[in-house]
Student: 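So that we are looking at the same thing, I have put the structure below in structure tokens.
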Amino acid sequence: MSLDKPYADIPGTTVFDADMARVGYHLNQFCMSLMKADNRERFKADERAYLDEWSMTEAQKQAVLDRDYNRMIDLGGNIYFLAKIFSTDGLSFQHAAATMTGMSQEEYAQMMLSGGRSPEGNRYLNETSGGD
Amino acid sequence: MARITAGVTTSHVPAIGAAIDLGKTQQEYWAPLFKGYEYSKRWIGEQKPDVILLVYNDHASAFSMELMPTFAIGTGEKFQPADEGWGPRPVPEVVGHPELAAHIAQSVIQQDFDLTLVNRMDVDHGLTVPLSLMFGQPGAWPCKVIPIAVNVVLYPPPSGRRCYELGKALRRAVDSFDGDLNVQVWGTGGMSHQLQGPRAGLINREFDNDFLERLVNDPEGLSQMPHVEYMREAGSEGIELVMWLVMRGALDDKVTEKHRFYHVPASNTAVGHLILENS
């Protein structure tokens, strides 16, 4: 019997559960390695060579090279681990969050200043926007 | 004997730590947030706790996917600020209370909460930002801190009910310690926020304010909220709020609310803050 995942119908959201953690194990551990300054320097000097030291899938490596955070999350990455990548790039959480929404950082920052993304229409997949 | 006198909850957004460290607290963006903690700084200056049981979550700093404990207690003498990818925060080291921590571990495990004991771990913004918000920028933190780390990164975290019951177990443990200590319990993280995917930026004022109210006056009922409701209503990272229930469980059923503050936004996050005292 499969496990109940009542969170599967939350739109625009990937819950980092034990299944996703299994898929993303090497990707997330690569991210952890960037907590050491020496490793950050080696990664920045030659990203591809550094990634090749890890038994990640080619798709995971390409997503890192592309800084495609939604793709990394699809492939088992967790945002707190992926944060080590954009920190290495000298970028903020808000910058990374903006790229995942398809908004510019300015548009995203303005949305947050205006009170954030409303939960209305964002609770369930296929929910009619504005209703609940 | 040792006694728990008060509880504090606060968000622990990393950008708040950066604003403090970089001297930006009076800037237009940040000033309204820090204004909400002015009372808190005065209050804690008067309370002078000896020890804080600081409930927080590690954000893939001390714990990686090699090891992810559900509940961990810091039993060591000292804990250093973590390098989270841009160098450690310029804040004092955190001094623990190994004697009380060992007592709590022994008591709480025998109350069926299987804590992991940790003597060596770095502490990240989840623990240091609340200290900065409450104490400012002293040369050394003015009290001992026992870190209590709760996994909210890898699903499933412990339930709200389990966190609430852990608080009650912590209370019994502190009450049975033979030292004259003024102990506070802090619950950190939240409020509504989502940091990932196309739904990033979610904020739910109505949920947050209801949560603040129920944490004070209906913690039993609030502790029954299922995980999925936190994530659906308060964002995938809003599930950090289960940690506030640890604080609440450690206090009396009826408490005195000394302070309440709510502010949007701090970076991606809604900030909530409560100070509650036992009568």
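Computation of the quantities below employed the complete heavy-atom set of this structure, encompassing side-chain atoms and omitting hydrogens, waters and symmetry-equivalent molecules. So that the names make sense, note that chain A is the first sequence line, chain B the second, and so on, each numbered from 1.
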Student: Is the backbone N or O of A:Asn122 less than 3.5 Å from a side-chain atom of B:Arg199, with the two atoms forming a donor-acceptor pair by type?
Tutor: yes
Student: So which of B:Gln194, B:Arg205, B:His193 has the largest heavy-atom pair count under 4.5 angstrom toward chain A?
Tutor: B:Gln194
Student: Using a 4.5 angstrom heavy-atom cutoff, name the option from B:Val228, B:Thr269, B:Asn268 with the most pairs to chain A.
Tutor: B:Asn268
Student: Which side-chain N or O atoms in residues 17-24 of chain A pair as donor and acceptor under 3.5 Å with protein atoms at least two apart or in another chain?
Tutor:
residue, atom, partner, partner atom, Å
A:Asp17, OD1, A:Asp19, N, 3.2
A:Asp17, OD1, A:Met20, N, 3.0
A:Asp17, OD2, A:Lys5, NZ, 2.9
A:Asp17, OD2, A:Tyr7, OH, 2.8
A:Asp19, OD2, A:Lys5, NZ, 2.7

Student: Would you mind listing every salt bridge (charged side-chain N to carboxylate O under 4.0 Å, His left out) that reaches into residues 55-65 of chain A, with sequence neighbours excluded?
Tutor: A:Arg48-A:Glu58, A:Asp52-A:Lys61
Student: Give, for atom CG of B:Asp124 and atom CE of A:Met35, the distance between the pair rounded to the nearest 0.5 Å.
Tutor: 7.5 Å
Student: Measuring heavy-atom distances to chain B, does A:Tyr108 have an atom under 4.5 Å in its side chain, in its backbone, in both, or in neither?
Tutor: side chain
Student: Side chains of A:Val15 and B:Met231: does their closest heavy-atom pair fall under 4.5 Å?
Tutor: yes
Student: Just how far is it from atom CD1 of B:Ile203 to atom OG of A:Ser114, taken to the nearest 0.5 Å?
Tutor: 11.5 Å
Student: Considering only distance and modelled atom types, tabulate donor-acceptor pairs under 3.5 Å from the side chains of residues 146-162 of chain B, sequence neighbours left out.
Tutor:
residue, atom, partner, partner atom, Å
B:Asn151, OD1, B:Val153, N, 3.0
B:Asn151, OD1, B:Leu154, N, 3.0
B:Asn151, ND2, B:Leu154, O, 2.8
B:Ser159, OG, B:Arg162, N, 3.0
B:Arg161, NE, B:Glu165, OE2, 3.4
B:Arg161, NH1, B:Glu220, OE1, 3.1
B:Arg161, NH1, B:Ser223, OG, 2.7
B:Arg161, NH2, B:Glu165, OE2, 2.8
B:Arg162, NH2, B:Asp112, O, 2.9

Student: What pair of heavy atoms forms the shortest contact from B:Met65 to A:Gln29, and how long is it?
Tutor: N-OE1, 3.0 Å
Student: Verify, without hydrogens or angle tests, whether B:Gln196 (side chain) and A:Ile79 (backbone) share a donor-acceptor contact under 3.5 angstrom.
Tutor: no
Student: Distance-only, no hydrogens or angles: does the B:Arg232 side chain make a donor-acceptor pair with backbone N or O of A:Arg123 under 3.5 Å?
Tutor: yes
Student: Flag the pair A:Asn28 / B:Ser64 as yes when at least one side-chain heavy-atom distance between them is below 4.5 Å, and no otherwise.
Tutor: no
Student: Specify which of A:Asn70, A:Thr88, A:Ile10 makes the most heavy-atom pairs with chain B at under 4.5 Å.
Tutor: A:Ile10
Student: Are A:Met32 and B:Phe63 close enough, and set up right, to give a side-chain contact (heavy atoms from CB on, under 4.5 Å), and what steps lead you there?
Tutor: CA-CA 9 Å; A:Met32 285 304 289; B:Phe63 303 127; over 6 Å; no
Student: Pick whichever of A:Phe93, A:Tyr124, A:Tyr69 has the most heavy-atom pairs under 4.5 Å with chain B.
Tutor: A:Tyr124
Student: Taking B:Asp83 first and then A:Arg40, would you say they form a salt bridge - that is, a charged N and a carboxylate O separated by under 4.0 Å?
Tutor: yes
Student: In the structure I gave you, are the side-chain heavy atoms of A:Tyr80 and B:Leu195 within less than 4.5 Å of one another anywhere?
Tutor: yes
Student: Does the side chain of B:Ser267 reach to within under 4.5 Å of the side chain of A:Met112, using non-hydrogen atoms?
Tutor: no
Student: Given a strict heavy-atom distance threshold of 4.5 Å, which part of B:Glu206 is in contact with chain A: side chain, backbone, both, or neither?
Tutor: neither
Student: Report yes or no: does A:Arg117 contribute a side-chain atom to a donor-acceptor pair with the main-chain N or O of B:Ala200 at less than 3.5 Å?
Tutor: yes
Student: Sub-4.5 Å heavy-atom contacts with chain A: which residues of residues 18-34 of chain B show up?
Tutor: B:Tyr29
Student: For residues B:Pro198 and A:Thr101, determine if any side-chain heavy atom of one lies less than 4.5 Å from a side-chain heavy atom of the other.
Tutor: no
Student: So which of B:Pro14, B:Ala15, B:Ser61 has the largest heavy-atom pair count under 4.5 angstrom toward chain A?
Tutor: B:Ser61
